[in-house]
Amino acid sequence: MCGIFGCILKNGDAAPIIHAALKRLEYRGYDSVGEVTIHKDKLFIKKDQGKIDDVHTRHNLDDLPGRVGVGHTRWATHGAPYQTNAHPHIDCAGQVAVVHNGVIENFAELRRELEELGHVFKSKTDSEVIPHLIEEKLKGGLTLLEAMREAVNRLEGSYAIAVVSVDEPDKIFCARKESPLVVGVGEDAVYCASDITAFLPLTNRAVIIENGELVVLGDDGYGIRKIADFSSVSREPQIIDWTPKMAEKQGYPHFMLKEIHEQPSCLRDTLKLQERYLELMTTFLDRAGEVFLVACGTSYHACLAASYMFSKLAFLATHPIIASEFVEQHGRAVNIDSTILAVSQSGETADTLDAVEHARLRAATVLGLTNVIGSTLTRISRVYVSQQSGPEVGVAATKTFTSQLSVLAQLALRLAKKRGKISHLEIEQLEEKLEHIPEVAEMIVQSQREKIRQLAKKYRDARCFFFLGRGISWATALEGRLKLLEIAYAPSIAYPAGESKHGPISLIEEGFPVIFVCPRDETHKTIVGNIMEMKARGASIIAIVEEGDEEIKSLADDYVEIVKGVPEVLSPILYVVPLQLFAYYMAIERGCDPDMPRNLAKSVTVK
Ligand code: F6R
């Protein structure tokens, strides 16, 4: 979950480069930050708790000497976000410094063992065992690379590690198991990082490091070896076609707002996906005995919506399931006939990968939908589709959600065609509507933004919100709820509207805001009844409705209109947009930072 970065420059100081790169990785965690550089055979370290800008104000992260160094931005797992727990961590002699992303599961046992050998620990982190383990191995006369290999062989859990040492001051040593690691190759520099965004303004030539590999960075480039047998691996850099501009704010006050506005162009890009992979995936889905749609958070909401799409268009029943529950709920039922469609923006979410690993062990077919090429999910899927949304920096998923929905709708339509369950005419009409979704999304963002900002002003002090929807709009309601609570810290509940009277309605009192997602689909009539029930108990109704839906508009205290004629199965792509904007403006009204909500990180690589 943390972000790591390292660089070896031919000329100049590493510290400002590390600082800027950590800023680009800050979405991965921002509990503390630290850097280490090497100069004249000495380590220079600065680290402290807090966000990068605050730590920089206090300590000036740019004035460490030396052209080689590594840095870390932390999302705390083991040990509170204090200065002592910030990375880098060093050995007893102060010769070896380590930054680590991941979780060392056997750290307690290793720490005990090392303490018995006389090592003194300064932090409460799992990561600190790594420099001490390396130090211990170095005492036995091994080279740094050998010591590093021996050390990582003792680690259980996940890691992407970057190590510098005064013994070999012109090198950085890295290793990877489960946590992401990429190498960037520039003209006059070489980099390592948790993701490509970190070095994108510096180079677009990237080498994806695989599980079980060690990398040595030096003035002559990079060398990869397998941890298992030390054999060399030859891998050329690939050209990444994301521009650095894609990862910047481009004049918006926050990445989240920029990413909401990027949705039309991202949706356009999803319509140009490689046919071959979509077709292959459709074939697997068609043949599957049983299909599980596995994901976490927002991606799970995309899966829930997809289950309606597959059922309504292709008559395929699927199980949408939260990844962390998959093994418990369905673990034993998974077999060679099962197909797992794992959806993960980052492709690195530990819970999702864990579910996938379980399915793979039981010989199930794994399909992946992700935004990050080179991520673990792309490597362990039989077939994967890249959703092509570009980098998403805001912690809250927005553009990647609507892109996921668009890809899943395309899959459902292809499957419908293959299975011949609905008429060609209906398929053609839906395909045409899908083509127009990007421009409609654009209209919604442009025309409704100000109205939604005013709504946020009106409801900013509400203590709690209710989100209700029926059918596929339940997924939209869940996503609207997640956005609001995660970035505006507004306690919120979401239910299928029909279920609300089985308990949750007891919360309703005068003025309680209830947000209804109500496209004009088959559920329209019933949802009008649900609105009446809430209204009768004094709720304030905010409705996301189709243009000209006078019936619901007359019942609502406030409403946001979506253009006419959006087909039911595509409605979440558009009806979620006002809810994203509402969450964003609520966060602003309530003084919260929408890009960096507390306690969260963009990529959740712990279980
Ligand atoms: C919410 C959010 C998270 C992620 C979840 C899964 O805005 O971003 O709920 O959706 O952590 O992440 P991925 O899709 O990367 O597996």
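Keep in mind that the numbers below use all heavy atoms, side chains included, and drop hydrogens, waters and symmetry copies. Numbering of ligands and ligand atoms starts at 1, following listing order. Computed from a predicted structure; not experimentally measured.
Of all protein heavy atoms, the one closest to atom 4 (C) of ligand 1 is T298 N, 4.0 Å. For atom 15 (O) of ligand 1, the nearest non-hydrogen atom of the protein is S346 OG, 2.7 Å. For atom 6 (C) of ligand 1, the closest non-hydrogen atom on the protein side is C296 O, 3.4 Å. Protein heavy atom in closest approach to atom 13 (P) of ligand 1: T349 OG1, 3.2 Å. Looking from atom 11 (O) of ligand 1 to the surrounding protein, the closest heavy atom is V604 CG2, 4.0 Å.
If you check the side chains of T298 and K483, you find a donor sitting under 3.5 Å from an acceptor.
Annotation for ligand 1: atoms under 4.0 Å from non-hydrogen atoms of S299 are 10 (O), 13 (P), 14 (O). For ligand 1, the atoms lying closer than 4.0 Å to a non-hydrogen atom of K483 are 1 (C), 7 (O). The contact set between ligand 1 and G297, taken as ligand atoms under 4.0 Å from a residue heavy atom, comprises 9 (O), 10 (O).
Taking any N or O of S344, backbone or side chain, at least one lies under 3.5 Å from an N or O belonging to ligand 1. Between Q345 and ligand 1, an N or O atom pair is found at a separation short of 3.5 Å. For the pair A397 and ligand 1, the shortest N or O to N or O distance falls below 3.5 Å.
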Given side chain to side chain donor-acceptor pair (under 3.5 Å), test T400 with E392 step by step and report yes or no. CA-CA 7 Å; T400 54; E392 187 174 64; 2.8 Å; yes

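In this structure, E348 falls outside the shell of residues with a heavy atom less than 4.0 angstrom from ligand 1.
Remark: aromatic rings of H319 and F292 are close, center separation under 6.0 Å. Here F465 and F582 bring their ring centres to under 6.0 angstrom of each other.
Of the options I444, L581, I260, a side chain to side chain contact (heavy atoms under 4.5 Å, CB included) to R449 is made by L581 and by none of the others.
In E486, the part holding a heavy atom less than 4.0 Å from any atom of ligand 1 is the side chain. Contacts with ligand 1 closer than 4.0 Å are made by backbone heavy atoms (N, CA, C, O) of V395 only, the side chain lying farther away.
The existence of a salt bridge linking K177 and E210 is excluded, since no basic side-chain nitrogen approaches an acidic carboxylate oxygen closer than 4.0 Å. Under 4.0 Å is where a charged nitrogen must lie from a carboxylate oxygen, and between E213 and R235 at least one such pair does.
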For residues 594-601, dump all side-chain donor-acceptor pairs below 3.5 Å to protein atoms at least two apart in sequence or in another chain.
| unit_1 | atom_1 | unit_2 | atom_2 | d |
| --- | --- | --- | --- | --- |
| D595 | OD1 | F255 | N | 3.2 |
| D595 | OD1 | M256 | N | 2.8 |
| D595 | OD2 | F255 | N | 2.7 |

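Not counting sequence neighbours, the partners of A198 by the side-chain contact (heavy atoms from CB on, under 4.5 Å) test are F5, A21, L25, A193.
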